[in-house]
Amino acid sequence: MEKTFDLVVIGGGSGGVRAARMAAGFGARVALVEEFRYGGTCVIRGCVPKKLLVFASRFADTFDIAPSFGWQVDARFDWPTLIANKDREIDRLEKIYGTLLEAAGVTAIKDRATITGPNTVRLDSGDELHAEHILVATGGTPFTPAIEGAELGISSNEAFHLEQLPKSILIEGGGYIAVEFATIFAGLGSEVTLIYRRDKILRGFDMDVRDCVEDGLHQRGVRFRYGYHTAKLAKQDDGKVCVSFSNGEEAPFDAVMFATGRHPNTKGLGLENAGVECDQTGAIVVDEYSRSSCPSIHAVGDVTGRAALTPVAIREGAAFAQTVFHHTPTTVPYDLIPTAVFSEPEVGTVGLSEEDAASRYRSIDVYVARFRPMQNTLSDRPEKMMLKLITETASGRVLGCHIAGPGAGEMIQLVAIPMGMGATKADFDRTVAVHPTAAEELVTLKAPSYCIIDGEKKTA
Ligand code: NDP
């Protein structure tokens with residue numbers, strides 16, 4: 001094997017693979033070292049398998065409203081079938097990643113890499129690779145609170161491989177992963193309890209979105225324990241996990257899942273051998289071109305602790321390749337990143353929350369539409385869809401858009417385009433509606449529901 005490269009990439013996830021392929025396309029000799037499977041968190045134990053499980057869990061709602069459309073359904077769910085089919089799809093995608101690297105001329109190596117200097121990487125097999133540039137794209141890893149018995153709990157990594165669907169599960173955390181897995185397990189029939197140390201899930205999201213998701217999960221039977229946390233886990237004789245809470249209560253669960261955040265995967269990488277600076281969370285500190293404190297070493301994706309989202313890692317990987325191997329300095333814009341939470345209701349959001357917009361602008365207008373999604377109107381399901389536009393009063397510019405309901409993720413991708421172009425409410429109003437859709441509400445919102453001037457809410 002060739003031992004000298006222009007670029008050695010450590011980590012075969014979304015960011016690393018994109019950077020490796022693009023750099024090779026620009027003529028660089030590239031090696032990519034991955035110790036586990038190509039595809040990284042997104043493909044192997046994140047976005048892709050999660051979305052497949054979300055699809056599975058949504059059949060519950062479809063079966064629930066089916067009789068109102070004249071269908072009689074006798075449905076039974078089999079977890080092992082879902083997991084086996086999901087695994088087959090992940091295997092297929094992983095192979096595609098390997099094929100893409102090969103087709104790009106990247107030397108793909110299955111091994112563990114340790115940085116031994118600014119331009120050298122040692123493999124566990126004993127080989128040493130020399131590189132003009134090293135790119136660290138090792139992603140993140142689940143963080144578990146240091147409590148007694150924590151090893152009896154699982155993270156999202158293991159949730160994808162449970163042998164059986166747990167009859168009852170406690171999920172700790174209030175972020176994306178906690179909310180999405182609460183949705184999945186509740187939809188598939190588990191009794192779900194979500195414990196979050198603060199007073200409402202999805203901190204940082206627009207408050208109406210947080211309320212909608214909390215209501216939606218409530219309606220699906222999820223129980224909330226707010227304001228305290230798990231303190232100790234112990235195995236019971238019947239195989240269940242007994243959870244002691246910090247408020248003194250105890251309760252047994254078939255499974256306990258920690259969704260308490262993810263930390264950058266930098267331990268044991270040898271970064272200190274090249275003088276690469278990390279922050280207190282272990283994230284590699286980089287400049288706007290993803291360059292670390294060691295000029296020959298760059299880092300992209302979750303390992304840098306910027307926005308931990310697949311499309312961002314891909315953009316960072318591409319920008320790195322453009323900058324270093326195509327002489328085109330390229331940065332990634334971090335404002336107006338659209339994002340979705342695959343909960344029930346689904347969330348799509350871009351731009352400022354109402355709370356943030358009101359604190360940054362003297363006067364904002366808020367337009368809110370709430371209605372029952374059309375597919376529920378023949379049944380007695382009560383849940384409402386919510387669409388919200390926030391504009392700056394003076395300019396009419398759209399500052400934020402927040403959607404909770406069916407198709408929110410698909411809608412927000414498209415709303416992000418005009419918002420990135422600086423669209424105003426008048427631009428939305430000029431657009432002809434597509435009828436009958438939920439998205440048409442975004443272009444038919446008439447008067448503001450209310451304004452916020454100098455922090456004070458006023459009816460418009
Ligand atoms: P988040 O950072 O979103 O949420 C972590 C949660 O754990 C927070 O509610 C946090 O509480 C809580 N927490 C942290 N430490 C402790 C502790 N010691 N004890 C109790 N609770 C604790 O992380 P996730 O793991 O949900 O997701 C990781 C990242 O992955 C996300 O930030 C997101 O970028 C990405 N992701 C994106 C998805 C998507 O795009 N749909 C889906 C899944 C993940 P507090 O609020 O108090 O800090």
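We count ligands from 1, going down the list as the structure has it; atoms in each ligand are counted the same way.
Checking only distances, A340 does come within under 3.5 Å of ligand 1, N or O to N or O. At least one N/O-N/O distance between I177 and ligand 1 falls below 3.5 Å. Taking distance alone, with nitrogen or oxygen atoms compared against 3.5 Å, E172 stays at or beyond that limit from ligand 1. The N/O atoms of V341, backbone and side chain alike, include none that comes under 3.5 Å of an N/O atom in ligand 1. Between G174 and ligand 1, a contact under 3.5 Å exists for at least one N or O pair. Considering backbone and side-chain atoms together, F342 places no N or O closer than 3.5 Å to any N or O of ligand 1. Taking any N or O of Y196, backbone or side chain, at least one lies under 3.5 Å from an N or O belonging to ligand 1.
Exactly one residue among L170, I177, V192 makes a side chain to side chain contact (heavy atoms under 4.5 Å, CB included) with M257. That residue is I177. When each of D215, D211, D208 is checked for a salt bridge (Lys or Arg N to Asp or Glu O under 4.0 Å) with K200, only D211 meets the rule. Each of T323, T330, T331 was evaluated against E288; a single residue qualifies, T331, per the side chain to side chain contact (heavy atoms under 4.5 Å, CB included) test.
What sits closest to atom 1 (P) of ligand 1 on the protein, heavy atoms only, is G175 CA, 4.2 Å. Remark: minimum distance from atom 16 (C) of ligand 1 to any protein heavy atom is reached at R197 NH1, 3.3 Å. Scanning all protein heavy atoms for the shortest distance to atom 21 (N) of ligand 1 gives T260 CG2, 3.5 Å. Of the protein's heavy atoms, R262 CD, 3.8 Å lies nearest to atom 28 (C) of ligand 1. Distance from atom 47 (O) of ligand 1 to its nearest protein heavy atom, with residue and atom name: R198 NE, 2.5 Å. When hydrogens are left out, the protein atom nearest atom 30 (O) of ligand 1 is A308 O, 3.9 Å; that is the closest non-hydrogen contact.
For the residue pair S379 / N376, no side-chain donor-acceptor distance below 3.5 Å is found, with atom types taken as modelled. Using a 3.5 Å distance cut-off with no hydrogens or angles, the side chains of S296 and H133 do not pair a donor with an acceptor. Side-chain N/O atoms of R21 and Y97 include no donor and acceptor closer than 3.5 Å.
With Y226 as the aromatic partner, R198 does not meet the cation-pi criteria of under 6.0 angstrom to the ring centre and within 45 degrees of the ring axis. For the pair K240 and F253, the cation-pi test (distance below 6.0 Å, angle within 45°) is failed.
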Exercise for the section: Decide salt bridge (Lys or Arg N to Asp or Glu O under 4.0 Å) for E35 and K110; before the verdict, give the C-alpha distance in whole Å, the side-chain angles of both, and the deciding distance to 0.1 Å. Expected result: CA-CA 5 Å; E35 65 177 334; K110 279 274 169 86; over 6 Å; no
Exercise for the section: Given salt bridge (Lys or Arg N to Asp or Glu O under 4.0 Å), test E89 with R92 step by step and report yes or no. Expected result: CA-CA 5 Å; E89 174 60 4; R92 187 183 75 83; 2.9 Å; yes
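In this structure, the separation between CD1 on I184 and NZ on K51 is 11.0 Å, given to the nearest 0.5 Å. Of the inter-residue distances, the one linking E346 atom CD with R58 atom CZ reads 4.5 Å to the nearest 0.5 angstrom.
At a heavy-atom distance under 4.0 Å, no atom of P142 approaches ligand 1. Proximity of R203 to ligand 1, defined as any heavy-atom pair under 4.0 Å, is confined to the side chain (atoms from C-beta onward).
Between atom 18 (N) of ligand 1 and the options F143, Y176, Y228, the minimum heavy-atom separation is to F143.
Distances below 4.0 Å separate heavy atoms of K50 from the following atoms of ligand 1: 41 (N), 42 (C). Taking a cut-off of under 4.0 Å to the non-hydrogen atoms of G261, the atoms of ligand 1 that pass are 5 (C), 7 (O), 23 (O), 25 (O). Atoms of ligand 1 lying under 4.0 Å from at least one heavy atom of A259, given by number and element, are 5 (C), 6 (C), 7 (O). Each of the atoms 41 (N), 42 (C), 43 (C) of ligand 1 lies under 4.0 Å from some heavy atom of E180. Atoms of ligand 1 found under 4.0 Å from any heavy atom of L309, numbered from 1 in the order shown, are 34 (O), 37 (C), 40 (O).
Proximity of the aromatic rings of F181 and F160 is defined here by a centroid distance below 6.0 angstrom, and this criterion is met.
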